[in-house]
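In what follows, chains are A, B, ... by sequence order, proteins preceding strands, each numbered from 1.
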Amino acid sequence: MSVCIHTSWGDIVMEEKGGALRSCTLPTWHRAPRRPFKVTGVSSTDGVVTAKTLRDVGQFAKACFEGRAATLPSFVFPDGPAFHRKVWKALLRIPAGRTQSYGALARRIGHPRAARAVGQACGANPLPLIIPCHRVTAAHGALGGFSCGLAWKELLLDRERDGAH
DNA sequence: CTAGTCGCCGGTA
DNA sequence: TACCGGCGACTAG
């Protein structure tokens, strides 16, 4: 029922149901650990996960942390309030290697003053990595926040930027 | 550049 | 109704 991506920064757990992801949780790191980040393996926490799911998720995670464009594994679009869903949909349209500010995203979905509410929706995203809330930054270059700790956001953006050379 | 203020909006208790 | 954010724009220093 769940896939585990082992990394030097701890395990990333993706809950899966019928071959489709429903949630993704990563260990919280407010500051980056000293050791370099590395994906060390992928496994399922029980015998139920199919080999295909395992392979898809593993490849996605790899690509994700190498900054390469990755095919999304199949996932169920999360349930939630209409506004949140609107934000999450918009997130899926930000390509790897690019970022957009909370305010700009707010304008894009037709709520020009709702920058802060956009932040809320990002924080409520049940599928980080898949739904790329890390690509939303504060205006004028500041990083903004990240629910699992800013270290991840920084890592992901760095890798995507390098990968997008 | 930093620190503080103030207005903003949508979700939740 | 009140409160609280992964914000942003605007001041002062």
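- In this structure, the CZ atom of A:R113 is 12 Å from the C1' atom of C:dA9, given to the nearest Å.
- The line from OG1 of A:T71 to CD of A:Q59 is 7.5 Å long, rounded to the nearest 0.5 Å.
- Annotation for A:S2 and A:E15: closest pair CB-CA, 3.9 Å, computed over non-hydrogen atoms.
- If you check every strand for non-hydrogen atoms under 4.0 Å, A:F83 touches sugar and phosphate atoms only.
- Rounded to an integer number of Å, the gap from A:Q120 CD to B:dA13 C1' is 13 Å.
- The residue A:V136 sits close to a base: some heavy atom pair falls under 4.0 Å.
- Residue A:G103 is in sugar-phosphate contact alone, with no base atom involved, counting any heavy-atom pair closer than 4.0 Å across all strands shown.
- A straight line from CH2 of A:W29 to P of C:dG6 spans 21 Å, rounded to a whole angstrom.
- A straight line from CH2 of A:W88 to P of B:dG11 spans 10 Å, rounded to a whole angstrom.
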Begin with the C-alpha distance, continue with both residues' side-chain angles, and end with the deciding distance and a verdict on side-chain contact (heavy atoms from CB on, under 4.5 Å) for A:M1 and A:D46. CA-CA 7 Å; A:M1 294 274 274; A:D46 54 42; 3.7 Å; yes
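- Candidate nucleotides B:dC9, C:dG6, C:dG8 were compared by shortest atom distance to the side chain of A:C133, and C:dG6 ranks first.
- Atom CG in A:L105 sits roughly 16 Å away from atom P in C:dG6 (whole-Å rounding).
- In this entry the distance linking OH of A:Y102 with C1' of B:dG10 reads 16 Å, nearest Å.
- For an aromatic pair to be called close, the ring centres must be under 6.0 Å apart, and A:W152 with A:F37 satisfies this.
- Between A:H134 and C:dG6 there is no side-chain N or O to OP1 or OP2 distance below 4.0 Å.
- Atom NZ in A:K86 sits roughly 11 Å away from atom P in B:dG11 (whole-Å rounding).
- In this entry B:dC8 has no Watson-Crick or G-U wobble partner, no candidate having both defining distances under 3.5 Å.
- DNA chain B is contacted by both A:P81 and A:R116; A:R116 maps to the nucleotide lying nearer its 5′ end (nearest heavy atom per residue).
- The nearest whole Å value for the distance from the CG atom in A:L157 to the P atom in C:dG6 is 17 Å.
- For A:H111, a side-chain nitrogen or oxygen approaches OP1 or OP2 of B:dG10 to under 4.0 Å.
- A:W88 places no side-chain N or O within 3.5 Å of a backbone atom of A:C133 that could act as its donor or acceptor partner.
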